[in-house]
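Down below is the structure, laid out as structure tokens.
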Amino acid sequence: MEYNFREIEQRWQSYWQQENTFRAENQSEKPKYYVLDMFPYPSGAGLHVGHPLGYIASDIYSRYKWLKGFNVLHPMGFDAFGLPAEQYAIQTGQHPALTTEENIAQYRRQLIRLGLAYDWDREVRTSDPKYYRWTQWAFLKMFDAWYDRALDKARSITELIAHFEQYGNGNLDAACNEGVEPFTAEAWRGMDETRQQLILMNYRLAYLSDTMVNWCPALGTVLANDEVKDGLSERGGHPVIRKSMKQWLLRISAYAPRLLNSLDHLDWSDSAKEIQRNWIGRSEGAVMTFEVKEPALTFDVFTTRPDTIFGCTFMVLAPESPLVKQLTTSDRQQEVEAYVTEAINRTDRERMAEVKKITGVFTGSYAVHPFTGEPIPIWVADYVLAGYGTGAIMAVPAHDSRDYAFAKHFNIPIKQVIEGDISEGAFDSKEALVINSDFITGLPVPEAIRVMNQRLEELGKGYGKVNYRLRDAIFSRQRYWGEPFPIYFKEGIPYPLPEEQLPLELPEVDAYLPTEKGEPPLGRAANWQTPEGYPLELSTMPGFAGSSAYYLRYMDPHNETALVNPEVNHYWQDVDLYIGGMEHATGHLIYARFWNKFLFDLGYICKEEPFKKLINQGMIQGRSSLVYRINNTNTFVSKGLKEQYQTTPIHVDVAMVDNDHLDIDRFMAWRPEYATAEFILENGQYLCGYEIEKMSKRFYNVVNPDDLADRYGADTLRLYEMFLGPLEQHKPWDTNGIEGVYRFIRKFWKLFFGNGDQLLLSEEEPTEAELKTLHKTIKKVQEDIERFSFNTAVSSFMICVNELSDLKCNKRAILEPLTIILSPYAPHIAEELWHLMGHTTTVAKASFPEFNPEYLVENTVEYPVSFNGKTRFKITFPAGASKEEVEAGVRAHDLTEKYTAEKPIKKVIVVPGRIINVVC
RNA sequence: GCGGAUGUGGCGUAAUUGGUAGCCGCGCCAGACUUAGGAUCUGGUGCCGAGAGGCGUGGGGGUUCGAGUCCCUCCAUCCGCACCA
């Protein structure tokens, strides 16, 4: 019987759907296992072969866990809010919900076609009000919470109010905004509501604040730091400028230490953890207070090198610092103002492009050195960032390269205080001794830092401090297609909607554009207000809002009274295996961890970290095909001959190239200008060159999984995607190679049918050789899956089928277990054969066969014999031979004399079962 | 600049603890079947060499009886962060 994958794959896909084969039960005696894919944003282009790589891997793992007796949760959903659908809506007027719906239908169809074993009953869509109700709910919980640093957890705001009523804001270690004045309990009780609300806003975990944002004029919205790459928006690549705006923020910075520390216990790749560590950016140092005599004031700087204070020869303020105004003397005013205006108005991109350009101006004021009392000039320069530390630094040119460059440029003195060479540049190593520094002279740097911090504290001039680079996350977007904020304004003060009124549904608007007043699109909605007439917030939430807790919702997706029922949450706990792209390392993965810790703090969920193990699948790159046009002609020369001409390479669609041979007729029909093209062939063929680059429409190298499923079937495609190489590695796609996998799958089929039409299954006892092949494969495949080495498992299947073909094995005792272990990889063909073998229930819920080591026992060992490390010949010994027997055998062997070249044998090394090395 | 990763045939890759380098597949070569082959099957295929043999895991050095694997150093490519004090 021919292997008819079309019929087979369709049959079992509908069977799985009808039987609900992959439904996960929220109550079970079995151990749980939660496998999660990063859910996709359903774009209009559909999937290309790179997208399903991770899905196939997680699917194999899920199916393997079922065979091992686990209750597996393996859900899929859609990250359905987002910019592309809205941009499309602006262009066409089509409601983003409609576009999104169509795209999701396309994605679903493609995923189902790959035989992916999802529990579709649990599908979530972030744009569904039943889902985003819980996104809004979590936001309200954050609005209603503050961070207690003493207990290191989030607490309800009512507890903070209770504290204020009793103690004012003294005796409190809370994460809060800069510049909150101290107040007493009496003062608090005497405040009106507006004043109280304004104070509380400084403490809330979701808070409204004037802040410098990344404003993208082209998209008409602000963006989070992780949505900006190289000064351009990640979506669309539009320029981004700095601007102060009133925005909602999430106080993720309060969680920086915990986000950093608990990374250590996660089973993630080193690079993923390292990216997060960099993003969180912990640095240990000290805050130091400097005094200014004229005008009389003090200000703080943050430094990681308090030990170098005696080398400080100038100070620098960020252009945005409010101190600049106060410290600029009248004679310097014009110059400073001009500089500050220019510096602030530059976009990030301009700022980055000019990193090497040293600019700055002197304010005219001097600070007082805290130990020597000497005056230190205060400058303004854009190499100091407003957002980090205190926006002011003490510059130590001898031991900081940026300060060094600045001092050289402006001719400021350089004073050395650490032993080392500063003739060519700053010496910034911490492995050295302090010099010229009063009471810390002679100490090694780390010790000097400790002593200095202690002294600063004694004198009340500073204290040791840990700083984090992680900024609070800007949470408003001035866009339409996102979750509305459940917030209304009463006299300009934001108040939460009552929980019972959730979800606050996204209203209809007449256009997906800002209003004439420049308000966000929701400003166009009729009656966008509470029943009492209070206006509702006009911004919507960013993309990461909906993806920050979706893994929790999958546990209990239809629950209408809670994000997740506590018992259900207790059963599923957390995600055991999470597979997705590395591009989410600083965005989604950090927000989701924060969101999870917050819900954990409030007791809604039982695990502090959401994703136990993370695997980042590598990118599948495109393999572009190139033809070579001879310059200024319409003649194309085959690759092997191109060196003889001056040519320009041109990308051609990979669909008209097979095994690097160009289909000339199709090429000529591709574009009008090629209709008259001429070709210089080699051996009667036109051979294309190739290039490995991103899979993208503009390179004409996109390969669609549907086309491959049509031609080879989903099972072959699944196997080939895994066969390509290690999951985490980037690797080029080469459609040619799929033939080999297709041959393998048909060879497997032929074990059952031969060349005829009848199932030839034999009930005979298997031979030793057959059992050895089978059990070798069971062992290898199991070990490979356990360490996520899917490519080597596929290769073991090939070896197994090659061997069984040579043995002409068609025995049930061999083929049935083989079918089970192959079923996670090639589920359709396995299900078909499983049923043909007489089973009436799914192979997906069969048991993974036990490996029996007895079948692999060998009676003899073939030792390679090497001489001084070079392998020369082989000798076979009985498996039990002792070292001495083996050595004697080698010494007595005919060939030994030849390779010792008449030198005496110094030593014979025998590694039992492995190797013999003769040293001479 | 800092941090992380990766370098093995023409190509994708394998070698789980330091123990036969190149499994499996593509491609290529030869043969069989065939009117034909871009189908199928069989065999071969790291490089140099007629052969004996020699060389060979980015380069150089080291440890070891033995190194793709461990150490030092340099180079290349990719990714992340980047005036973060």
Side-chain angles (χ1 to χ4, degrees), chain A residues 229-230 269-279 281-283 285 301-305 308 316 318 351-352 354-358 381-385 387-396 399-403 405-406 428 467-471 582-583 585-586 618-619 623 658-661 663 685 690 692 720 723-726 728-741 743-744 746 755 780 783-784 786-787 789 791-792 794-799 802 862-874 906-911 913-920:
Chain A
K229 290 256 144 65
D230 299 328
S269 71
D270 287 339
S271 50
K273 288 193 203 180
E274 205 51 37
I275 289 171
Q276 291 222 338
R277 286 194 192 104
N278 285 339
W279 192 257
R282 182 182 195 273
S283 60
V301 301
F302 176 73
T303 176
T304 54
R305 295 296 301 273
T308 61
V316 187
R351 212 165 150 155
M352 279 174 203
E354 294 166 13
V355 160
K356 293 284 173 282
K357 213 167 115 188
I358 296 164
D382 66 358
Y383 83 90
V384 172
L385 305 177
Y388 187 75
T390 62
I393 63 155
M394 62 173 221
V396 183
H399 307 294
D400 179 287
S401 58
R402 295 149 303 175
D403 299 344
F406 194 83
D428 57 8
N467 225 332
Y468 293 91
R469 200 182 74 104
L470 184 69
R471 310 257 62 89
M582 189 62 102
E583 65 272 19
T586 50
M619 205 179 30
R623 187 182 188 278
D658 184 31
N659 193 18
D660 289 341
H661 295 96
D663 183 331
Q685 298 269 16
Y690 71 92
I692 304 302
Y720 186 54
F723 185 64
L724 235 34
E728 301 187 67
Q729 208 164 290
H730 294 333
K731 54 225 165 223
W733 180 267
D734 181 4
T735 299
N736 262 331
I738 201 171
E739 296 279 354
V741 174
R743 250 170 243 149
F744 153 75
R746 280 180 301 171
N755 291 317
K780 177 89 170 101
E783 284 169 357
D784 286 350
E786 298 274 2
R787 64 191 174 104
S789 176
N791 55 326
T792 52
V794 176
S795 143
S796 311
F797 283 126
M798 290 176 171
I799 294 167
N802 286 347
E862 190 184 47
Y863 282 93
V865 184
S866 53
F867 290 78
N868 293 329
K870 276 199 196 318
T871 308
R872 296 299 184 178
F873 58 88
K874 286 166 188 170
K906 286 186 196 146
K907 204 174 172 190
V908 176
I909 288 159
V910 178
V911 182
R914 288 228 160 247
I915 198 171
I916 299 160
N917 191 19
V918 180
V919 186
C920 57

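The shown structure was predicted, so the numbers you read here are calculated from the model rather than taken from an experiment. Quick note on labels: first sequence line is chain A, next is B, and so on, each numbered from 1.
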Task: Side-chain donor/acceptor of A:Arg469 to backbone N/O of A:Asn278, under 3.5 Å - done: yes
Task: Donor-acceptor contact present, side-chain A:Asp400 to main-chain A:Asp403, <3.5 Å - done: yes
- [ ] In whole angstrom, give me the gap between the C1' atoms of B:C83 and B:C78.
- [x] 25 Å
Open item on the list: Among B:A14, B:G3, B:C83, which nucleotide has an atom closest to any side-chain atom of A:Glu274?
Closed with: B:G3
TODO: Grab the two heavy atoms, one from A:Glu728 and one from A:Ser269, that are nearest each other, plus how far apart they are.
DONE: OE1-CB, 4.3 Å
- [ ] Report the residues that fulfil ring pair (Phe, Tyr, Trp, His ring centres under 6.0 Å) with A:Tyr388, sequence neighbours left out, ordered by chain and then residue number.
- [x] none
Task: First encountered from the 5' end of RNA chain B, between A:Pro864 and A:Leu724 - done: A:Leu724
Give each protein N/O atom lying under 3.5 Å from an N/O atom of nucleotides 16-18 of chain B, with the pair distance.
from, atom 1, to, atom 2, distance (Å)
B:U16, N3, A:Glu783, OE1, 3.3
B:U16, O4, A:Glu783, OE1, 3.3

TODO: Output yes when A:Asp270 and A:Arg277 qualify as a salt bridge under the 4.0 Å nitrogen-oxygen rule, no when they do not.
DONE: no
TODO: Using the P atoms only, state how far B:U42 lies from B:G58, rounded to an integer number of Å.
DONE: 34 Å
Open item on the list: For the C1' atoms, the ones on B:C47 and on B:C28, what distance do you get once it is rounded to whole angstrom?
Closed with: 16 Å
Task: No-hydrogen, no-angle side-chain donor-acceptor test under 3.5 Å, A:Ser795 and A:Thr792 - done: no
- [ ] Going 5' to 3' through nucleotides 53-65 of chain B, assign each nucleotide B (protein heavy atom under 4.0 Å from a base atom), S (under 4.0 Å only from sugar-phosphate atoms) or - (no protein heavy atom that close).
- [x] SSS---------B
Open item on the list: Suppose you measure atom P in B:U6 against the same atom in B:U17; what distance do you get, rounded to whole Å?
Closed with: 15 Å
TODO: Provide the closest heavy-atom pair for A:Ile915 versus A:Tyr863 in the form atom of the first, atom of the second, distance.
DONE: N-CD2, 3.8 Å
Task: 5′-ward residue of the pair A:Asn278/A:Gly391 relative to RNA chain B - done: A:Asn278
Open item on the list: Does the Lys NZ or Arg CZ of A:Arg623 fall within the cation-pi geometry relative to A:Tyr690 - under 6.0 Å from the ring centre and within 45° of the axis?
Closed with: yes
- [ ] Report the distance from atom CZ of A:Arg743 to atom P of B:C41, rounded to the nearest whole Å.
- [x] 7 Å
Open item on the list: Counting Watson-Crick and G-U wobble pairs with both distances under 3.5 Å, what is the dot-bracket string for RNA chain B, 5' to 3', using [ ] for crossing pairs and | for pairs to another strand?
Closed with: (((((((..(((......[....)))((((((.......))))))(((....)))..(((((..]....))))))))))))....
- [ ] Just call it for A:Asn659: base, sugar-phosphate, or nothing, with non-hydrogen atoms closer than 4.0 Å on any strand.
- [x] sugar-phosphate
Task: Backbone of A:His661 reached by a side-chain donor or acceptor of A:Asn659 within 3.5 Å - done: no
- [ ] Counting heavy atoms from C-beta on, name the nucleotide in B:A85, B:G19, B:C11 closest to the side chain of A:Tyr690.
- [x] B:C11
- [ ] Quickly work out the A:Gln729 CD to B:U8 C1' distance and round it to whole Å.
- [x] 12 Å
- [ ] Give a yes/no answer on whether the side chain of A:Ser269 brings an N or O atom under 4.0 Å of OP1 or OP2 in B:A5.
- [x] no
Open item on the list: If the glycosidic angle sits within 90 degrees of zero it is syn, else anti. Tell me which applies to B:G62.
Closed with: anti
Open item on the list: Just the rounded figure in Å: distance from P of B:G27 to CZ of A:Arg623.
Closed with: 11 Å
TODO: Take atom C1' in B:C11 and the same atom in B:U45, then report the distance between them in whole Å.
DONE: 14 Å
Task: Heavy-atom donor-acceptor pair, A:Lys731 side chain to A:Gln729 backbone, under 3.5 Å - done: yes
TODO: Have a look at A:Asn791 and say if it touches a base, only the backbone sugar-phosphate, or nothing, with a 4.0 Å heavy-atom cut-off.
DONE: sugar-phosphate
TODO: May I have the distance from A:Glu862 (atom CD) to B:G19 (atom C1'), rounded to whole angstrom?
DONE: 15 Å
Open item on the list: Quick check on contacts: within residues 733-740 of chain A, what sits under 4.0 Å from RNA chain B by heavy-atom distance?
Closed with: A:Asn736, A:Gly737, A:Gly740
Task: Phosphate OP1/OP2 of B:A82 contacted by A:Arg469 side-chain N/O (<4.0 Å) - done: yes
Open item on the list: How many whole angstroms separate atom CD of A:Gln685 from atom P of B:G37?
Closed with: 13 Å
Task: Partner set under ring pair (Phe, Tyr, Trp, His ring centres under 6.0 Å) for A:Tyr720, not counting sequence neighbours - done: A:Trp733
TODO: Name the nucleic acid region contacted by A:Arg746, choosing base, sugar-phosphate or nothing; use a 4.0 angstrom heavy-atom cut-off, strictly under.
DONE: sugar-phosphate
Task: B:G60 to B:C75 separation - C1' atoms, rounded to the nearest Å - done: 10 Å
Task: Sugar-phosphate, base or nothing in reach of A:Lys906, heavy atoms under 4.0 Å - done: nothing
Task: Check: A:Ile916 main-chain N/O paired with A:Ser866 side-chain donor or acceptor under 3.5 Å - done: yes
Open item on the list: Between A:Lys907 (side chain only) and A:Asn917 (backbone N and O only), is there a donor and an acceptor less than 3.5 Å apart?
Closed with: no
Open item on the list: Quick one: does any side-chain atom of A:Tyr468 pair with a main-chain N or O of A:Ser283 as donor and acceptor, under 3.5 Å?
Closed with: no
TODO: Could you check which of B:G25, B:C81, B:A14 has an atom nearest any side-chain atom of A:Pro726?
DONE: B:A14
Open item on the list: Nearest whole Å is fine: how far is B:G80 C1' from A:Ile275 CD1?
Closed with: 5 Å
TODO: Using the P atom on both, measure B:A67 against B:G59 and round to a whole Å.
DONE: 15 Å
TODO: Find the distance A:Lys731:NZ to B:A5:P and express it as a whole number of Å.
DONE: 18 Å
Open item on the list: Test your reading of the model: is there a side-chain donor-acceptor pair from A:His730 to the backbone of A:Met619, 3.5 Å cut-off?
Closed with: yes
- [ ] Looking only at non-hydrogen atoms, find the nearest pair between A:Gln276 and A:Ala585 and report the distance.
- [x] NE2-O, 2.8 Å
Open item on the list: Can you measure A:Phe406 atom CZ to B:A85 atom C1' for me and round it to whole angstrom units?
Closed with: 14 Å
Task: Nearest-Å distance once atom C1' is located in both B:G53 and B:C71 - done: 33 Å
